[in-house]
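Remember, it's a predicted structure, so these values are computed and weren't measured experimentally.
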There are 2 protein chains.
Amino acid sequence: MQKTKRLPLIEKILTETLISSQDELLRKLKSKGISCTQATLSRDLRQLGVSRVPDGSGGYRYSLAEKNASPAERETKLHIISVISGIVEAKGLLLVKTIPGNASATAFYIDNAGRKEIAGTIAGDDTILVIPHDGISRMQVHTCLEIILPGLHEKLKKS
Amino acid sequence: MQKTKRLPLIEKILTETLISSQDELLRKLKSKGISCTQATLSRDLRQLGVSRVPDGSGGYRYSLAEKNASPAERETKLHIISVISGIVEAKGLLLVKTIPGNASATAFYIDNAGRKEIAGTIAGDDTILVIPHDGISRMQVHTCLEIILPGLHEKLKKS
DNA sequence: TTGTCTTTTGCATATTTATGCATTTTTTTT
DNA sequence: AAAAAAAATGCATAAATATGCAAAAGACAA
């Protein structure tokens, strides 16, 4: 399944390059070894929350919401990612492990992302319990976290 | 020419209502007495810098850049508008009059809008000189200012 | 493993959005 | 005021994007 590779790559491309159509993105992806159809991209972009904004000179560009985020916010995100040591699943819930003392800041960050997939979080000292809403699948939670904190899924401990 | 009424109305509608397609916006406009075609709307939205963003539940919505702006920023805009007493044209340039002492803050605001139509501004105590780039028509400058500070054109002193 | 259920994906196509061109309206110049 | 230039707009259509449906791939439980 390509999606777990594709989404992060799309995010990366969008931050590094000026993309103005899905076909253009499609070609960029292919040149990096990932190929799919425009239909799939359309769905990916929606899932990633990517918006299409006028570029001010007659064209359009695709833009990650982050672009509008302040440098401080981007900083925070990187910090949060660096502080997470692993993810494990148990009882249909998700446990995010951080280095000691960082759980509550991380939980706060996740809460504030405002994703409707997540009902809430409970943080100890180095562990966060992420509670998904009813009807949200494990897969949806993963994708959701991947959107909030790209690259996170690589820290998933398989059971 | 409807455009001077249409653009501000579009902005108003977008801040008040959730719009998810140009046709929907078209109908809303018609219900408020302004009618045009989808083609015109497409051009308007581009000019206003309106972007189309995933709404997080499978659909899309049109969003003014402002939506992403902080409340403080919106506050500032309202304040700036309230402080402008009039606009006059002279020698192909634009003079914006403010209440005394407010010119430089206003000029700063205009500069920071980052519009390419405007080369720069010079502020005194209660007057700002707005200098458009070569090749930018009076009309373009007006529209540009209308985008930065909606409602402004009503303060234009006819010559 | 086998069958069941969920997710991902492509294909074909519907829907939506953008645009070239011609026309009308507005602005600017003479 | 008349002529010339620029801008706005609609129409028809091109281009881009989204989506229903079916097939394939993967996850999961028994």
Sugar-phosphate only, base, or nothing, as touched by A/Ser21 at under 4.0 Å among non-hydrogen atoms: sugar-phosphate
Nearest-nucleotide pick for B/Cys36, side chain only, options being C/dT9, C/dT17, D/dG10: D/dG10
Polar pair under 3.5 Å, donor/acceptor by atom type, side chain B/Gln38, base C/dA18: yes
Sugar-phosphate only, base, or nothing, as touched by A/Gln2 at under 4.0 Å among non-hydrogen atoms: sugar-phosphate
Interatomic distance, A/Asp44 CG vs C/dT7 C1' [rounded to whole Å]: 13 Å
Closest to the B/Thr40 side chain, choosing from C/dT19, D/dT9, D/dA18: D/dT9
With A/Lys12 via salt bridge (charged side-chain N to carboxylate O under 4.0 Å, His left out) - residues at least two apart: A/Glu16
Between C/dT17 (C1') and B/Glu24 (CD): distance, integer Å: 15 Å
Short side-chain N/O contact from B/Arg6 to OP1 or OP2 of D/dT9, under 4.0 Å: yes
Nucleotide D/dT17, atom P - distance to CD of A/Gln47 in whole Å: 18 Å
Whole-Å gap separating P (C/dT16) and CG (B/Leu45): 15 Å
Touch class at under 4.0 angstrom, heavy-atom based, for B/Arg43 against every strand present: base
Test side chain to side chain contact (heavy atoms under 4.5 Å, CB included) applied to A/Leu26 and A/Cys36, step by step: CA-CA 7 Å; A/Leu26 206 57; A/Cys36 63; 3.9 Å; yes
Distance below 4.0 Å between B/Tyr62 side-chain N/O and C/dT16 OP1 or OP2: no
B/Leu48 CG to C/dA18 P, straight-line distance once rounded to whole Å: 13 Å
Those residues that, when tested against A/Arg46, pass salt bridge (charged side-chain N to carboxylate O under 4.0 Å, His left out) (two or more places apart): none
Interatomic distance where CG belongs to A/Leu26 and P belongs to D/dA16 [whole Å]: 12 Å
Rounded distance in Å - OH (A/Tyr60) to P (D/dA16): 12 Å
pair A/Arg52-B/Ser51: side-chain heavy atoms closer than 4.5 Å: no
d(CZ, B/Arg52; C1', C/dT17) in whole Å: 8 Å
Student check: side-chain heavy atoms of A/Ile10 and A/Leu25 closer than 4.5 Å: yes
Any A/Thr37 side-chain N or O less than 4.0 Å from OP1/OP2 of C/dG10: yes
Nearest-neighbour nucleotide for the B/Gln22 side chain, D/dA18, C/dA18, D/dA8 considered: C/dA18
side-chain N/O B/Ser42 vs C/dT17 OP1/OP2, d < 4.0 Å: no
